[in-house]
Trainee: 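Here it is, the structure in full.
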Number of protein chains: 2
Amino acid sequence: MGSPAQRRTTIKDVAEMAGVGVATVSRVLSGGSASAETRERVLDAATKLDYRPSALGRNLRQQRSGGIALLIPDITDSIYARLTDGVLSCARSYREPVTIGVTGDDPEQEADLVGSLLEQSMDRVVAVPSGNGEMWTPAIRAGLDVVFADRRVSGEQRALDEVPAVLADDRAGVRTAVEYLTGLGHRKIGFLARHGQAERVEAFRAALGDLLDEDLIVHARASRDSAYAAAAGLLQRRPDLSAVLAGGNKLGEAAVLAARELDVRIPRDLSLVMFDDVPWAELCSPPLTVIAQPGQDIGYRAAELVMRQGRRPRTVLLPTELIIRGSCGPRR
Amino acid sequence: MGSPAQRRTTIKDVAEMAGVGVATVSRVLSGGSASAETRERVLDAATKLDYRPSALGRNLRQQRSGGIALLIPDITDSIYARLTDGVLSCARSYREPVTIGVTGDDPEQEADLVGSLLEQSMDRVVAVPSGNGEMWTPAIRAGLDVVFADRRVSGEQRALDEVPAVLADDRAGVRTAVEYLTGLGHRKIGFLARHGQAERVEAFRAALGDLLDEDLIVHARASRDSAYAAAAGLLQRRPDLSAVLAGGNKLGEAAVLAARELDVRIPRDLSLVMFDDVPWAELCSPPLTVIAQPGQDIGYRAAELVMRQGRRPRTVLLPTELIIRGSCGPRR
DNA sequence: ACTCCCCATGGAAACGATTCCATCAGAATT
DNA sequence: AATTCTGATGGAATCGTTTCCATGGGGAGT
């Protein structure tokens with residue numbers, strides 16, 4: 001607003017005041033070698049002038065803009081908010097800015113965002129991939145450093161298999177939940193899945209074994225409506241259902257709402273286990289039994305991996321935890 | 001990973017292929033004047049080479065890195081997640097990247113983040129300010145374009161009064177809630193406030209009038225523990241309390257938990273109105289009556305304002321809405 | 001026919017940092 | 001004493017874009 005906008009102090013100013021060349025200033029400031037006396041003079045001048053190196057100049061020279069990019073499906077979903085929080089907290093310790101983009105679980109938008117990353121010369125990305133991940137291949141070849149979080153891509157291309165991934169141990173989580181439910185006597189167990197949760201569905205199939213009934217596995221899109229429709233549909237279509245595993249907190253919410261609407265009481269008529277522990281799970285009536293995922297940790301570890309240069313593990317599996325509250329009961 | 005990392009195509013390559021100078025290419029691509037024939041040749045070459053202008057070069061030249069910075073207290077809080085979503089959705093329509101930082105409601109961290117914005121030459125910020133906002137004054141003078149969202153600063157400095165702000169109409173929200181509660185017969189109404197919610201507290205005082213009892217206004221920090229302590233403390237200290245207004249969803253959650261713990265039944269023994277509608281308010285038992293705030297709109301409008309160059313309104317007030325569910329009853 | 005003006009155009013400067021390379025002084029080695 | 005080595009130092013190139021300015025050609029106006 002009408003400010004005179006004085007020129008910012010550059011490395012040149014510092015060099016002049018310290019009576020040295022710009023190269024020396026740059027070296028001193030980035031830890032290169034210099035004599036003690038020179039170093040002091042430069043540091044002194046920098047402090048006096050309140051010099052802050054311009055990220056712009058550096059970025060152009062190094063052909064890369066620092067910072068971490070983060071691509072998630074939906075920031076309003078608690079699990080991704082926590083993941084984001086983890087990334088931010090790791091990035092902060094490296095003093096790196098974080099640029100965030102939401103994909104809406106849409107591969108097209110995701111590809112679009114990857115494009116704009118390239119345009120910005122960002123070369124470090126933590127991403128929750130949406131599609132089959134084919135848009136990543138060229139970007140990775142172009143030098144992009146990617147770490148997947150929370151999911152990995154189906155992966156047929158070679159390059160994608162090299163991408164490290166930080167994941168919750170879904171298989172173990174699903175298995176534990178299923179064992180818990182079968183232990184309670186349940187035989188007809190449904191699974192409310194979001195599209196793209198292939199791994200969880202697969203684990204569900206494996207865990208159920210003989211009890212598997214494909215008709216009890218239903219898929220929804222990420223939207224609230226779709227989740228509700230899937231839940232209500234399943235409940236109406238299969239009154240013999242006695243337990244449900246919800247693949248995410250939105251689906252869990254939908255299941256609770258649908259059950260309430262259809263006058264199916266939890267846990268008397270229906271047992272419910274939800275993926276992802278959220279604050280409200282405890283406030284819900286009844287309090288929900290959940291498979292907690294370490295969302296914040298996933299983000300933190302993924303950011304850590306993307307910051308590391310050297311060899312990195314291909315996959316990090318983080319443990320889940322079954323938290324038993326009040327939404328499951330014995331089969332009646 | 002060991003890729004040859006081929007040089008990216010620059011404007012020079014395009015110029016060469018089109019047989020024109022780089023200046024002409026730049027002009028064509030940024031909508032300057034050029035003959036139809038030249039334009040076509042340039043566009044053709046650009047397409048053929050899959051040329052994407054480097055944001056780095058442009059930023060350095062223009063002395064500003066595009067994009068919007070967003071500073072919020074806590075991304076895992078639903079209200080700020082929605083605000084962020086709004087900012088992202090506006091930014092996307094301008095094709096601008098969004099850099100995000102969390103302040104933890106700590107002025108020191110906030111100042112630190114503002115510093116790093118300057119370093120990055122970001123000049124557009126949407127911020128939920130934490131402290132008294134003094135750290136903003138120099139930054140604004142240095143040419144930073146700021147829009148406050150959700151809160152405004154206490155503001156004693158001239159420069160801060162010029163900063164546009166997009167806010168929920170807290171006063172009206174509080175007034176409506178208080179009127180609703182007094183209408184139900186309540187006389188002893190408490191307020192669980194977060195530090196920094198001066199405006200809401202003030203509105204609360206004004207709305208209560210004669211009924212005001214300063215002892216019923218308690219403050220908590222943003223943390224979960226602090227919120228719980230404040231809620232439990234209030235409930236224990238003043239058993240004569242018959243209704244509570246919670247200043248945010250964390251405080252509402254704390255109130256529900258504390259009431260449950262102390263065997264205070266809602267709404268029989270205590271009526272509860274919570275600021276901020278969250279998905280779980282409906283799932284809670286009983287479903288919570290809330291003052292809904294348009295979090296996403298606040299973010300969108302704030303981002304819109306920060307993108308506009310020209311004259312901007314000083315303050316945008318967005319309406320709140322009282323959503324009556326089941327957490328309030330008549331005084332007993 | 002002469003002048004004037006406008007527009008398209010390209011060369012070159014600028015942005016602010018890092019880094020290559022040449023230089024030079026002084027120490028260490030032969 | 002001559003040579004080599006080491007480490008500090010500064011000049012200049014470089015990154016990719018935008019934008020200033022000079023140039024030149026062609027059309028319009030007198």
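Reminder, nothing fancy here: chain letters follow the sequence lines and each chain counts from 1. Model, not experiment: these values are computed from the prediction.
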Trainee: From the list D:dT9, C:dC15, C:dT18, which nucleotide is the closest neighbour of the side chain of B:Leu60?
Mentor: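 Of the options given, the side chain of B:Leu60 lies nearest C:dC15.
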Trainee: Can you say whether a donor on the side chain of B:Arg58 sits under 3.5 Å from an acceptor on the base of D:dT17, or the other way round?
Mentor: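 Absent.
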Trainee: Check this for me, if you would: do A:Arg151 and A:Asp105 make a salt bridge, where the nitrogen-to-carboxylate-oxygen distance has to be below 4.0 angstrom?
Mentor: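 Looking at A:Asp105 together with A:Arg151, the answer is yes, because their closest N to O distance falls below 4.0 Å.
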Trainee: Can you figure out which of C:dG16, C:dT18, C:dT9 approaches the side chain of B:Thr38 most closely?
Mentor: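 When the side chain of B:Thr38 is considered, C:dT9 is the closest of C:dG16, C:dT18, C:dT9.
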Trainee: Nearest nucleotide by nearest heavy atom, which residue falls closer to the 5' end of DNA chain C, B:Arg27 or A:Thr9?
Mentor: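 In this pair, the answer is B:Arg27.
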Trainee: If the cut-off is 4.0 Å, is B:Gln62 near the phosphate of D:dT19, judged by side-chain N/O to OP1 or OP2?
Mentor: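 For D:dT19, OP1 or OP2 has a side-chain N or O of B:Gln62 closer than 4.0 Å.
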Trainee: Between atom CG in B:Leu49 and atom P in D:dG16, what is the gap in whole Å?
Mentor: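 Whole-Å distance recorded here is 14 Å.
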Trainee: Just to verify, which of B:Ile298, B:Leu83, B:Asp150, B:Asp297 counts as forming a side-chain contact (heavy atoms from CB on, under 4.5 Å) with B:Val166?
Mentor: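 It is B:Ile298; the other options fail the test.
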Trainee: Does a salt bridge link B:Arg41 with B:Glu37, judged by any charged N lying under 4.0 Å from a carboxylate O?
Mentor: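 Judged by the 4.0 Å cut-off on N to carboxylate O distance, B:Arg41 and B:Glu37 do form a salt bridge.
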Trainee: Going through the distances and angles, do A:Arg95 and B:Asp112 end up as a salt bridge (Lys or Arg N to Asp or Glu O under 4.0 Å)?
Mentor: CA-CA 10 Å; A:Arg95 302 195 62 81; B:Asp112 201 48; 3.6 Å; yes
Trainee: May I have the distance from B:Leu29 (atom CG) to D:dG16 (atom P), rounded to whole angstrom?
Mentor: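 About 16 Å, once rounded to whole Å.
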Trainee: Does the pair B:Arg312/B:Asp145 count as a salt bridge with the N-to-O cut at 4.0 Å?
Mentor: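 Between B:Asp145 and B:Arg312 there is a salt bridge, with a charged N closer than 4.0 Å to a carboxylate O.
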Trainee: Specify the separation, in whole Å, of atom CD of B:Gln63 and atom P of C:dA13.
Mentor: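 My rounded result for the distance is 18 Å.
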Trainee: Look at B:Thr24 and C:dG10 and indicate whether a side-chain polar atom (N or O) is within less than 4.0 Å of OP1 or OP2.
Mentor: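 Answer is yes, contact under 4.0 Å.
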Trainee: Name the closest nucleotide to the A:Ile11 side chain, picking from C:dT18, C:dA8, D:dT17.
Mentor: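 Selected nucleotide (nearest to the side chain): C:dT18.
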Trainee: Calculate the interatomic distance between B:Leu118 atom CG and C:dG16 atom P; express it in whole Å.
Mentor: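 Computing the B:Leu118:CG to C:dG16:P distance gives 14 Å.
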Trainee: NA contact type, B:Ser26, heavy-atom cut-off 4.0 Å: base, sugar-phosphate, or nothing?
Mentor: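 The residue B:Ser26 makes base contact.
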Trainee: For DNA chain D, whose closest nucleotide is more 5', that of B:Ser30 or that of A:Val20?
Mentor: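 The residue whose closest nucleotide sits nearer the 5' end is A:Val20.
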Trainee: Out of curiosity, B:Thr84 OG1 to B:Ile100 CD1, how far, rounded to the nearest 0.5 Å?
Mentor: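 Those atoms lie 4.0 Å apart.
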Trainee: Measure the distance from CG on A:Asn59 to C1' on D:dT14 and round it to the nearest whole Å.
Mentor: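 Distance, rounded to whole Å: 15 Å.
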Trainee: Could you tell me how far apart B:Glu16 (CD) and C:dG10 (C1') are, to the nearest whole angstrom?
Mentor: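 Answer to the nearest Å: 14 Å.
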Trainee: Please work out if B:Leu56 contacts a base, only the sugar-phosphate, or nothing of the nucleic acid, heavy-atom cut-off 4.0 Å.
Mentor: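 The answer is nothing, as B:Leu56 stays clear of every strand by at least 4.0 Å.
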Trainee: Donor-acceptor pair under 3.5 Å: do we get one between A:Arg61's side chain and the base of D:dG16?
Mentor: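 For A:Arg61, whose side chain was compared with the base of D:dG16, there is no donor-acceptor pair (under 3.5 Å).
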Trainee: Side chain of B:Ser33, heavy atoms from C-beta onward: which of C:dA8, D:dT9, C:dA17 has the nearest atom to it?
Mentor: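 From the listed options, C:dA8 comes nearest.
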Trainee: Students often get this wrong, so: under 4.0 angstrom with heavy atoms, is A:Gly57 touching a base, only sugar-phosphate, or nothing?
Mentor: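 The residue A:Gly57 makes base contact.
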Trainee: Could you state the CD-P distance from B:Gln120 to C:dA17, rounded to the nearest angstrom?
Mentor: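 Answer to the nearest Å: 13 Å.
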Trainee: On DNA chain C, compare the nucleotides closest to A:Ser54 and B:Gly21; which residue's is nearer the 5' end?
Mentor: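 This one resolves to B:Gly21.
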Trainee: Tell me what B:Ala23 touches on the nucleic acid: a base, only sugar-phosphate, or nothing, going by heavy atoms under 4.0 Å.
Mentor: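 Base: the residue B:Ala23, judged by heavy atoms under 4.0 Å, touches a nucleobase.
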Trainee: Take atom CZ of B:Arg41 and atom C1' of C:dG10, then tell me their distance rounded to the nearest Å.
Mentor: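 Rounded to whole Å, this separation is 13 Å.
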